[in-house]
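First up is the structure itself, then whatever we jot down about it.
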Amino acid sequence: MFHKNKKDDSGKISGEHKEKKHGENAAGAKEQAECDNNAATPENSTEEHACDNAAPHEAKSGDNNAEASEQPAAGDNTGDKAEAAGAATKDEPVATEEDKRLAALADALLKAQTDLLKTKEAYVRAVADFDNYRRRVNDERPKNMIFAKGDLAKDLFPVLDNFKLGIDAAEKAHPEAKALIEGFAMISAQIKSALAQHGITEITPKVGDKFNPQEHESISCMPSADVPEEHILFIQRVGYKIGDRLLRPASVVIATAVEPKK
């Protein structure tokens, strides 16, 4: 009896299971039919396509939202850079009209200082040149004065020459006019003394002196047995000098050797 009941229960369970499975199949067939009907209807087809299109759009929109959610990071970096640039701009001083005016004044001052330095150098150079010129003039002034005196004395030399020639001629032609001749000789001596006070001295070589080309001028040569060769035989005209400067050489005749008789 126990086995019989167990068999009846198993059969009952199996029947319930079949009924449940049959019900699920029927429900699934019903749902499939509804889906087919909906697919056959144009409105439902459009909605289905719309749904299909919406799905990718929603997926794409989701991707864009994801990218957009990532963008603030880059935006934050750009913002930081902008803030840094703004801070740097604020830190840099802005050139005003006053700054420009001060800069122009500084440039003008620098130019003026440069010009002043150049002018000072030129002034120092000019002062040095003037000092050298003044020293040179002071050194050359006595020489220039001597040269000026020499030029004046050269105009008096012919007068002294004529005095000497006149006295010599008077002594030979009129020995009785001794007092007159002595008077003219005294005047000639006074003129020579005045010249000597200014450093002008007479070059008066003697017969038999060695010929000196620095002070003597040879106007002729004559053979002489009494005077050695290349020595002064005759003085034609005296010479003059002032200091070491020769104003006029003495004109002389030089003796030469006498040729032996054949």
Side-chain angles (χ1 to χ4, degrees), residues 122 124-262:
V124 172
R125 190 180 299 108
V127 170
D129 292 340
F130 180 75
D131 289 340
N132 294 333
Y133 170 77
R134 182 175 58 184
R135 189 180 300 108
R136 186 171 60 254
V137 168
N138 292 334
D139 294 340
E140 294 178 354
R141 181 177 298 173
K143 296 180 180 179
N144 293 332
M145 292 178 66
I146 291 175
F147 293 159
K149 293 176 182 179
D151 293 337
L152 176 61
K154 287 180 179 180
D155 296 334
L156 294 176
F157 294 157
V159 177
L160 293 174
D161 294 338
N162 292 331
F163 258 107
K164 187 176 184 309
L165 292 175
I167 293 172
D168 292 342
E171 287 178 350
K172 292 178 180 180
H174 302 280
E176 70 278 4
K178 186 176 179 180
L180 183 62
I181 295 171
E182 290 179 353
F184 277 102
M186 291 178 62
I187 294 173
S188 177
Q190 287 179 350
I191 295 175
K192 291 179 181 180
S193 176
L195 293 176
Q197 291 179 0
H198 293 279
I200 301 172
T201 59
E202 189 179 53
I203 301 174
T204 309
K206 296 179 180 180
V207 176
D209 289 345
K210 178 70 176 177
F211 176 78
N212 183 5
Q214 300 295 330
E215 295 181 351
H216 304 155
E217 178 186 18
S218 176
I219 59 175
S220 179
C221 296
M222 294 180 62
S224 175
D226 299 330
V227 178
E229 188 177 5
E230 298 294 332
H231 283 67
I232 297 174
L233 179 63
F234 179 76
I235 297 96
Q236 179 69 30
R237 187 181 64 180
V238 297
Y240 294 91
K241 65 179 181 180
I242 179 170
D244 295 333
R245 181 187 177 191
L246 181 66
L247 298 177
R248 191 182 74 175
S251 300
V252 297
V253 177
I254 300 175
T256 60
V258 179
E259 294 181 1
K261 295 181 179 180
K262 294 181 181 180

Kindly give the heavy-atom pair with the smallest separation between [X] and [Y], and that separation in Å.
X      : Y      : result
Tyr240 : Leu160 : OH-CD1, 3.4 Å
Leu233 : Val207 : O-CG1, 3.6 Å
Gly208 : His231 : O-CD2, 3.1 Å
Ile242 : His198 : CD1-O, 3.8 Å
Pro175 : Lys172 : CD-O, 4.1 Å
His216 : Val252 : CB-CG2, 4.2 Å

For Arg141, all residues meeting side-chain hydrogen bond (donor to acceptor under 3.5 Å, both in side chains), sequence neighbours excluded: none
Neighbour count above 12 (heavy atom, 6.0 Å) for Lys206 NZ: no
NZ/Lys154: more than 12 non-hydrogen atoms of other groups inside 6.0 Å: yes
Any donor-acceptor N or O pair under 3.5 Å, side chains Asn138, Arg135: no
Can you tell me how far [atom2] of [Y] sits from [atom1] of [X], rounded to the nearest 0.5 angstrom?
X      : Y      : atom1 : atom2 : answer
Leu246 : Glu217 : CG    : CD    : 9.5 Å
Glu229 : Ile254 : CD    : CD1   : 10.0 Å
Ile219 : Arg237 : CD1   : CZ    : 8.5 Å
Glu182 : Met186 : CD    : CE    : 8.5 Å
Ile187 : Ile167 : CD1   : CD1   : 8.5 Å
Asp161 : Gln236 : CG    : CD    : 10.0 Å

Geometric class of the Phe163/Phe184 ring pair [parallel <30°, tilted 30-60°, perpendicular >60°]: tilted
Under-4.0 Å salt bridge between Arg134 and Asp131: yes
Side-chain ion pair, Asp129 and Arg125, N-O less than 4.0 Å: no
Contact check, side chains of Phe157 and Arg248, non-hydrogen atoms, under 4.5 Å: yes
Test item: Lys241 and Ile203 side chains (from C-beta on) under 4.5 Å apart, heavy atoms: yes
